[in-house]
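Below is one structure; the comments refer to it alone.
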Amino acid sequence: MVGPDGEGTETICLEVFRYLPDTEEAPRFQRYEVPFRRDWVVLDALNYIKDRLDGTLSYRWSCRMGICGSCGMMVNGVPKLTCAAFLREYYPRRVRVEPLAHFPVIRDLVINLDDFMDKLRQVRSWLIPREKRAQEEREFLQTPAELARYKQFSLCINCMLCYAACPVYGLEPRFLGPAAIALAQRYNADSRDAGQAERASVLLGEEGVWECTFVGQCSVVCPKAVDPAGAIQQAKVAGALDWYRSVLLPWGKR
Amino acid sequence: MRGEYRRSLGSGWWRTRPAYLRFMLRELTAFFVGGYAIFLLSLLHQAGREMLGFVTFAETLHSPVRVALHLAALGMALVHTVTWFHSAPKVVVLRRGERRVSPGVIIGAQYALWVLVSLAIGDVVIGTGERGAP
């Protein structure tokens, strides 16, 4: 059936986490009935609520195509990019939308991501070149095999779904966490980079890779198949080998 | 105006998702594997000391409780082995040029090695039994 404005008359119930710190004491869930369309994602439903039902609802989004990484939320308890979570996967059950787990909530579905940004800085998630030189002087050449070593980890879009899936981060927020370690590993594996020793103190330190118990859910929820769980285990192996080298061959090159 | 709302993960977090429960089960198997390793070492230690004590000890292993414990340890060791074999491709990265060696090859190689080592140990144990203990 088709409604007066071209929409189907079937609806789906969205239970949305609301936290309004300036007017309300405690968070609550608010129900909204939203038109059900097979081609709608959860983000479309939130936009419908914002435009037609309740303009006070706050959430982050931008590209709607799984690139910007800003619309990550808990959908029925699972971290998802809401632009990629189709309503038809849940219909006719209700859809519960909450802010990403383990992060402090600023308002409604908006989390504070300062901690994650700080962790990206801690692991120095940028290229630290072997030699400082202007790009015009000479390109930093790389073979396809060298590119393949880190390419998978470079696909991270910083959506933080992996943090919301990681119980270790939930229990111990000081843990560097999956994405930051995957990005550190991305630069450590880059043939143009020479920052491994600089990153080691954080990566192999108390809040680094050894905190990870390999639950593996970070890789399951990652929308870009970055495999942060793999990155962390590989960083553990690299760290352990470095340690053995330093003990067995203290005179050798580390 | 109130500040940010902070949620904490309670001690029952591992019951909230089937995947977390599977993780806890995998971790739990380590106790059985570790415990059985200690048991085997103590068995070897006893066998090396005096034969009579070893035989008496070995006879107590026939009690139903001990058999049940052994079966539980076997089940847990199998879960432990299989889950780690299947996790290994995340840890071991082998490359052939630009391509990674497929996870199936790494998992398969471990199973093959498992069979070979089991056959070798079986040969030593059964062979020793047939020839008679020294």
Side-chain angles (χ1 to χ4, degrees), chain A residues 17-27 74 77-78 98-108 110-112 114 143-149 151-152 164-173 185 189 213-217 219-221 227-238, chain B residues 1-34 76-110 113:
Chain A
F17 181 96
R18 301 300 311 269
Y19 177 58
L20 302 160
D22 37 1
T23 55
E24 292 178 16
E25 278 296 302
M74 305 299 287
V78 180
E98 295 166 84
L100 276 184
H102 311 326
F103 290 97
V105 183
I106 297 172
R107 182 189 165 98
D108 294 340
V110 180
I111 51 153
N112 184 339
D114 287 351
T143 65
E146 285 168 337
L147 172 70
R149 285 185 179 278
K151 191 177 176 191
Q152 184 183 17
C166 174
V168 178
Y169 180 67
L171 293 165
E172 180 45 82
Q185 202 50 16
T213 52
F214 203 180
V215 180
Q217 283 301 293
S219 293
V220 174
V221 301
D227 191 12
I232 298 173
Q233 311 322 310
Q234 289 156 35
K236 284 179 185 173
V237 173
Chain B
M1 175 158 166
R2 295 161 61 84
E4 291 171 347
Y5 178 67
R6 285 170 192 274
R7 301 158 290 174
S8 59
L9 207 54
S11 56
W13 63 270
W14 52 275
R15 292 194 300 260
T16 58
R17 278 194 220 172
Y20 291 167
L21 198 62
R22 283 198 297 276
F23 158 75
M24 287 302 266
L25 177 69
R26 188 193 78 195
E27 298 297 288
L28 184 71
T29 59
F31 284 104
F32 284 82
V33 173
M76 289 290 188
L78 285 173
V79 172
H80 191 84
T81 308
V82 170
T83 47
W84 284 110
F85 276 8
H86 287 257
S87 301
K90 286 204 182 298
V91 186
V92 181
V93 182
L94 300 175
R95 289 185 184 280
R96 218 176 277 143
E98 289 168 47
R99 295 201 171 180
R100 265 181 83 162
V101 172
S102 100
V105 173
I106 294 171
I107 295 169
Q110 293 175 102
L113 199 64

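Order of the sequence lines sets the chain letters (A, B, ...), proteins ahead of strands, with each chain counted from 1.
In terms of heavy atoms, B/V91 sits closest to A/Q234 at O-CG, 3.6 Å. Nearest heavy atom pair, residue B/R7 against residue A/A101, reads NH2-CA, 3.7 Å. Nearest heavy atoms, A/T213 versus B/E27: O-OE2, 4.3 Å. Scanning both residues, A/P21 and B/G3, for their nearest heavy atoms gives CB-O, 3.9 Å.
The part of B/R26 that comes within reach of chain A is its side chain, from C-beta onward, which places non-hydrogen atoms under 4.5 angstrom from that chain. If you measure heavy-atom distances from A/P99 to chain B, the contacts under 4.5 Å come from both the backbone and the side chain. Contact of A/P27 with chain B is made through the side chain alone, with heavy-atom distances under 4.5 Å. For chain A, the nearby part of B/F23 is the side chain; its heavy atoms alone come within less than 4.5 Å. Residue A/A165 touches chain B through both its backbone and its side chain, counting heavy-atom pairs closer than 4.5 Å. Heavy atoms of A/E146 lying under 4.5 Å from chain B are absent altogether. In this structure, chain B has a heavy atom under 4.5 Å from the side chain of A/F17, while its backbone stays farther away. Residue contact with chain B, scored on non-hydrogen atoms closer than 4.5 Å, involves the side chain of A/Q152 exclusively. With a 4.5 Å cut-off on non-hydrogen atoms, B/R17 touches chain A through its side chain but not through its backbone.
Chosen from B/R6, B/R95, B/R22, B/M24, the residue pairing most often with chain A at heavy-atom distances under 4.5 Å is B/R95. Contacts with chain B were tallied for A/A229, A/G170, A/P144, A/S219; A/P144 has the most, counting heavy-atom pairs under 4.5 Å. Of the listed residues (A/N112, A/T143, A/T23, A/V215), the greatest number of heavy-atom pairs within a distance under 4.5 Å of chain B belongs to A/V215. The residue among A/A145, A/G216, A/P167 with the most heavy atom pairs within less than 4.5 Å of chain B is A/P167. With chain B as the partner, the residue from A/L100, A/L147, A/I232, A/V220 showing the most heavy-atom pairs under 4.5 Å is A/L100. Heavy-atom pairs under 4.5 Å with chain B peak, among A/L171, A/V237, A/V78, at A/L171. No other option in A/K236, A/Q217, A/R149 has as many heavy-atom pairs under 4.5 Å with chain B as A/R149.
A 4.5 Å side-chain heavy-atom check between B/S87 and A/Q233 finds every atom pair outside the cut-off. Between B/K90 and A/F214 the shortest side-chain heavy-atom distance falls below 4.5 Å.
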